[in-house]
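Taking it in order: structure first as structure tokens, then the write-up.
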2 protein chains.
Amino acid sequence: MSYTYKYPKPSVTVDCVVFGLDDAQKLKVLLIQRGIAPYQNKWALPGGFIGLDESIATAAARELKEETGIDKVFLEQLYTFGEVDRDPRDRIITVAYYALINIGEYVVKARTDAKNAKWFSVEELPPLAFDHDRIFSVAKERLKGKLRYQPIGFELLPSKFTLTQLQRLYETVLEQKLDKRNFRSKILKMKLLVDLEEMQAGVSHRPAKLYQFDKKRYQELEQKEFNFEI
Amino acid sequence: MSYTYKYPKPSVTVDCVVFGLDDAQKLKVLLIQRGIAPYQNKWALPGGFIGLDESIATAAARELKEETGIDKVFLEQLYTFGEVDRDPRDRIITVAYYALINIGEYVVKARTDAKNAKWFSVEELPPLAFDHDRIFSVAKERLKGKLRYQPIGFELLPSKFTLTQLQRLYETVLEQKLDKRNFRSKILKMKLLVDLEEMQAGVSHRPAKLYQFDKKRYQELEQKEFNFEI
DNA sequence: ATTTCTTAGTGTATTTTTTACACTTTATAG
DNA sequence: CTATAAAGTGTAAAAAATACACTAAGAAAT
């Protein structure tokens, strides 16, 4: 490795693809409207520059908080985008992250130099600034792939949820119908759900049982290379 | 996103974890010995700075070629490492790649500022410079994970190989014994191997048939979300 | 109070996939 | 021509995945 420090440096940013589920179990992405050029007024992924005194993951969490008010969520590195012409002004390398949040817990707010922050359905995104379309589509594929073999879907739901909500979530993200009985027996056989012995309230039909994800048990099983495939 | 260009910039490097298989089907990694401080004389992953006029992937391929002579191989992004204290001198962000090569095809040579380049068995690595131990272990896990559901193992073998060689490769990387008959029927059922109707030569026992990976067919099947699980 | 509406909840038989397992064949070397 | 070493091959049993339809429970409307 050649460490001579004479090289001009690229700028490095982090961008976050924030996924959420709305009331109708539709998959949404949080975008911010750019307040400044280039791509002024265009929608973009929240993100910003990495400080020299913070790790990339810290920067991603900080930017997310600054630009949208979202804090303490599932946030995982996605991919690093480094084509030469990604930004019209300067060479920019972007480390992309994706976040999964329970929409209900947050009221998102535009802050710093974002004019506006808004949830968009993944099926009808506006044209995005820079190469954010591409970053988004990599994130969507990653979410889909990961959901199949790791129980990360819970991050998108409120902490108490019904099995039907969970099934809808899988159906939405995987873009396929699932059989109710098979889904239930499979998910319950994993022993990752705690039956709260509590009922859904405020529905005008038979209420469903509420469950909670058992994170502790998940971490134990994870050690043992347990299989979480759906 | 805050594009004001007043931020000090980190340096950005690429490092490559180069995997190969030796004659005894042992998994090896290519390391270079550092010619300069810090970590002078220590073994490290080949890599170097990203130029402003090249993409990250291009930089990875270029550094690999410069430092080891290896060219035109399977090279895929692994992960980006951005802790603050990774390098004692400066803030460095490293985009790591991993490469799979057929050792027989190359005679590796140390070049530029590397003193030496050498293959090490993954089970007995020397202590590495910087956080390269960590990068290596992420790469090893990735290779293991990916081999299970994508036919990338062929990249480590010569273009003509026997089923036993292929099985040993899987056993080595996955760190588990596989059943000969089950492995063969599974792999052949995928129809990704071309029977060359040619025999292994130079062995003092019954020679095995030689096969070749059918890349074209793989790309066709990939479109159709075909399942390549072992 | 009864009916209607809507979603929750449940079991089994069939098919498919995975696993476990051992002997014969074919070449080279001595 | 015998010994050695790895190649090559099929089947039965177990496990997992799939397909499938009715009853139960509550709220709302009459």
Side-chain angles (χ1 to χ4, degrees), chain A residues 21 23-26 147-149 151 157-158 160-172 174-212 221 225-230, chain B residues 21 23-26 147-149 151 157-158 160-172 174-212 221 225-230:
Chain A
L21 272 191
D23 310 319
Q25 308 290 114
K26 290 279 170 228
L147 189 66
R148 278 182 209 282
Y149 63 91
L157 294 175
K160 300 175 180 188
F161 52 83
T162 71
L163 293 181
T164 300
Q165 277 180 291
L166 187 62
Q167 183 181 342
R168 294 274 170 279
L169 153 62
Y170 273 86
E171 289 177 337
T172 300
L174 301 181
E175 298 176 286
Q176 64 178 263
K177 270 293 233 179
L178 299 172
D179 178 85
K180 179 155 79 163
R181 282 181 282 198
N182 295 341
F183 178 81
R184 283 170 181 240
S185 59
K186 211 161 179 177
I187 218 93
L188 291 174
K189 213 178 292 167
M190 287 182 198
K191 307 268 188 201
L192 287 175
L193 296 187
V194 183
D195 180 346
L196 294 172
E197 312 206 353
E198 195 180 332
M199 292 298 185
Q200 189 182 30
V203 288
S204 77
H205 54 73
R206 177 173 175 179
K209 274 187 178 179
L210 291 173
Y211 290 85
Q212 193 161 36
L221 292 176
E225 309 203 14
F226 186 81
N227 191 353
F228 302 102
E229 248 169 278
I230 286 294
Chain B
L21 271 192
D23 310 318
Q25 307 290 115
K26 288 281 168 224
L147 189 66
R148 279 182 208 283
Y149 63 89
L157 293 175
K160 300 174 177 187
F161 52 84
T162 70
L163 293 181
T164 302
Q165 279 180 291
L166 187 62
Q167 184 181 339
R168 294 276 170 277
L169 153 64
Y170 272 85
E171 289 177 335
T172 300
L174 301 181
E175 298 176 289
Q176 63 179 259
K177 269 296 231 175
L178 298 172
D179 178 88
K180 180 156 79 164
R181 280 180 283 197
N182 295 341
F183 178 80
R184 284 169 181 240
S185 60
K186 211 160 178 178
I187 220 91
L188 291 174
K189 214 178 292 165
M190 286 181 197
K191 307 265 188 203
L192 286 176
L193 296 189
V194 183
D195 180 345
L196 294 172
E197 312 203 356
E198 195 180 331
M199 291 299 183
Q200 189 183 31
V203 289
S204 77
H205 53 75
R206 177 173 177 179
K209 275 187 179 179
L210 290 173
Y211 290 85
Q212 193 161 36
L221 292 175
E225 310 203 14
F226 186 80
N227 190 354
F228 302 102
E229 248 169 277
I230 288 293

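To find a chain, count down the sequence lines: A is the first, B the second, and so on, and within it residues start at 1.
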*Look at B:Thr164 and D:dA7 and indicate whether a side-chain polar atom (N or O) is within less than 4.0 Å of OP1 or OP2.*
yes

*Given atom CE of A:Met199 and atom C1' of D:dA27, what is their separation to the nearest angstrom?*
15 Å

*Using a heavy-atom cut-off of under 4.0 Å over every strand shown, decide if A:Lys180 touches base, sugar-phosphate, or nothing.*
base

*How close or far is atom P of D:dA19 from atom CG of A:Leu178, stated in whole angstroms?*
11 Å

*Nearest to the side chain of B:His205, which nucleotide is it out of D:dA21, D:dA6, D:dG10?*
D:dA6

*Roughly how many Å is it from CD1 in A:Ile187 to P in D:dA16, rounded to a whole number?*
16 Å

*Main-chain N/O of B:Val194 paired to B:Gln212 side chain as donor or acceptor, under 3.5 Å*: no

*asked:* What's A:Thr162 touching, base or sugar-phosphate or nothing? Going by heavy atoms closer than 4.0 Å.
replied: nothing

*What is the distance from NZ of A:Lys209 to P of D:dA25, rounded to the nearest Å?*
12 Å

*On DNA chain D, check which nucleotide each of A:Arg206 and A:Lys189 is closest to and give me the residue with the more 5' one.*
A:Lys189

*Phosphate contact (D:dG8 OP1 or OP2) by B:Arg184 side-chain N/O below 4.0 Å*: yes

*More 5' along DNA chain D: B:Leu210 or A:Pro207, using each one's nearest nucleotide?*
B:Leu210

*Mind checking which nucleotides bracket the chain B contacts on DNA chain C, 5' to 3', with an atom under 4.0 Å from a heavy atom?*
C:dT19 to C:dA29

*Are the side chain of B:Gln25 and the backbone of B:Gln165 linked by a donor-acceptor contact shorter than 3.5 Å?*
yes

*In whole angstroms, how far is the P atom of D:dC22 from the CZ atom of A:Arg181?*
10 Å

*Tell me which of A:Gln165 and A:Asp179 sits closer to the 5' end of DNA chain C, going by the nucleotide each one is nearest to.*
A:Gln165

_Out of D:dG10, D:dA17, D:dA7, whichever nucleotide has its closest atom nearest the side chain of B:Ala208_ = D:dA7

*Find the distance B:Asn182:CG to D:dA14:P and express it as a whole number of Å.*
16 Å

_Expected output: side-chain B:Glu171 to main-chain B:Leu178 donor-acceptor under 3.5 Å_ = yes

*What is the distance from NZ of A:Lys177 to C1' of D:dA19, rounded to the nearest Å?*
15 Å

_For A:Asp195, is the CG atom crowded, meaning more than 12 foreign heavy atoms sit under 6.0 Å from it?_
yes

*Can you find a pair of side-chain heavy atoms, one from A:Met190 and one from A:Ile230, that are under 4.5 Å apart?*
yes

*Of the non-hydrogen atoms in B:Tyr149 and B:Glu229, which two are nearest, and what is the gap between them?*
CB-CG, 4.0 Å

*Once you round to the nearest 0.5 Å, how far does CG of B:Leu163 lie from CZ of B:Phe183?*
7.0 Å

*Looking at every strand, decide which applies to A:Ser185 at a 4.0 Å heavy-atom threshold: base, sugar-phosphate, or nothing.*
nothing

